[in-house]
2 protein chains.
Amino acid sequence: MLKLSKKVEYGLIAIRHIASVNNHISTVKEISEKYIIPVDVLAKVMQKLTKGKIITSYQGAMGGYTLARKAEEISVMDVISVIEGTQVGIAQCFSEVPENCSIYTNCTIKNPLGKIQHNLEHVFSSMKVSEIV
Amino acid sequence: MLKLSKKVEYGLIAIRHIASVNNHISTVKEISEKYIIPVDVLAKVMQKLTKGKIITSYQGAMGGYTLARKAEEISVMDVISVIEGTQVGIAQCFSEVPENCSIYTNCTIKNPLGKIQHNLEHVFSSMKVSEIV
DNA sequence: ATCAAATAGGACTACACAAGGCGTATATAG
DNA sequence: CTATATACGCCTTGTGTAGTCCTATTTGAT
Ligand code: SF4
Ligand code: SF4
């Protein structure tokens, strides 16, 4: 509960790595070996980050990945959103349509939790990749 | 991911309810019916909150629960910790012994995530039950 | 042309956790 | 004694996480 997935952690490690080598092209093999990350899992993460326009891919021999934007312009929240695919919410009513929660109309805590949700988003959005290199 | 469990939500709803009736004794049946919460699930949550000294139980007929401390002295973090039982951490190395993570020594993001963890704890700890009544 | 290196992506398994249901024991007011 | 209430363990079901395996496609180098 309240835990980041390994995929997100792997994504952050990979992005930080690319930033740390001055955005030189890096391969999945290289990163997975250096940080002992399962290569297939990391590969899928990189593909998602590519689709999310956070990194850029170069196919074929001598290919790999670079950052698609400057490290100062990538937040931890960006990485989480892209990898998870779904809206990040501390409660069902924030990540899906509110009516999905069977007790929505009776719920007395959605407003206060909304405030927490907002603060949470701020914490994740304000931390940029440039700060973790 | 990053979502509160229903147990925690139920616990918060229940605690807020008791606070809202000026700490008069309340039963599981009463609360579960009012907010449409499965009675068995709520019962277990209340038992955990009792063991965690957040509420006080009165057994037998005419029994029920009251708050064990003032609403201003109960934080959302207290409720989460007691109901979950385990340490709340956004990564494995914060909620268990660090060595459990197989890539701990190679991990380059544990320090920045530690900062996020700290901010997170502040957000949950600073919100008190008295603010959600 | 061929080969090797690299990304792209689908299918599948194993496991852990979340959510809830059920049954029974114990305490206590009236 | 009985009705009401908490205490607590066991079990099922569904969902999500983490990881493996396999194949296709792209592309630089020989
Ligand atoms: S409505 Fe209340 S209970 Fe339902 S998800 Fe939102 S917060 Fe949780
Ligand atoms: S060490 Fe790094 S990877 Fe392992 S849990 Fe902590 S943060 Fe996540």
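Heavy-atom basis, side chains included; hydrogens, waters and symmetry copies ignored. In the text below, chain A, chain B and the rest are named by the order of the sequence lines, each starting its count at 1.
One can place CG of B:Asp40 at 7 Å from P of C:dG21, the figure rounded to the nearest angstrom. With rounding to whole Å, A:Met1 atom CE is found 8 Å from C:dA18 atom P. As a whole-Å value, the separation of B:Leu49 CG from D:dT6 C1' is 14 Å. A straight line from CD of A:Glu9 to C1' of D:dA18 spans 12 Å, rounded to a whole angstrom. Distance, B:Leu2 CG to C:dC17 C1': 16 Å, rounded to whole Å. A:Leu42 places its CG atom 13 Å from the C1' atom of D:dA18, with the value rounded to the nearest Å. Atoms CD (B:Gln92) and P (D:dT17) sit 15 Å apart, rounded to a whole Å. The NZ atom of A:Lys48 sits 18 Å away from the P atom of C:dT7 (whole-angstrom rounding).
Set against D:dT6, D:dA7, D:dT4, the side chain of B:Thr27 has D:dT6 as its closest nucleotide. Minimum atom distance to the side chain of A:Ala61 is reached by D:dT27, of the listed D:dA18, D:dA5, D:dT27. Listed candidates were D:dA3, D:dT6, D:dA7. Nearest to the side chain of B:Thr50 is D:dA7. Residue A:Gln47 places its side chain closer to C:dA8 than to any other of C:dG20, D:dT6, C:dA8. In this structure, the nucleotide among D:dG28, C:dA6, C:dA19 sitting nearest to the side chain of A:Lys29 is C:dA6.
On a pure distance criterion of 3.5 Å, a polar donor-acceptor pair joins the side chain of B:Lys44 and the base of D:dG9.
Listed here is the closest heavy atom pair of A:Gly89 and A:Ser95: N-CB, 4.0 Å. The shortest non-hydrogen separation linking B:Val28 to B:Leu42 is O-CD2, 3.9 Å. Closest approach of A:Glu121 to A:Gln87, counting heavy atoms only: OE2-NE2, 4.4 Å. Between A:Tyr65 and A:Ile55 the shortest heavy-atom distance is CD2-CD1, 3.5 Å.
Within the structure, every side-chain polar atom (N or O) of B:Tyr58 is placed at least 4.0 Å from both OP1 and OP2 of C:dT26. Between A:Ser57 and C:dA8, a side-chain N or O to OP1/OP2 separation shorter than 4.0 Å is present. Within the 4.0 Å cut-off from OP1 or OP2 of D:dA7, at least one side-chain nitrogen or oxygen of B:Tyr65 is found.
Nucleic acid contact for A:Lys51: sugar-phosphate only, since backbone atoms but no base atoms lie under 4.0 Å from a heavy atom of the residue.
Nearest-nucleotide mapping onto DNA chain C: of B:Gly60 and A:Ser102, the residue sitting toward the 5' end is A:Ser102. If you find the closest nucleotide of DNA chain C to B:Lys7 and to A:Ser26, the one lying nearer the 5' end belongs to A:Ser26. Taking for each of B:Gly64 and A:Glu84 the nucleotide of DNA chain D with the nearest heavy atom, the 5'-most of the two is the partner of B:Gly64.
Looking at B:Glu9 and B:Lys6, a side-chain N of the basic residue comes within less than 4.0 Å of a carboxylate O on the acidic one, giving a salt bridge. Of the charged side-chain nitrogens involved, none lies within less than 4.0 Å of a carboxylate oxygen, so that A:Lys34 and A:Glu30 do not count as a salt-bridged pair.
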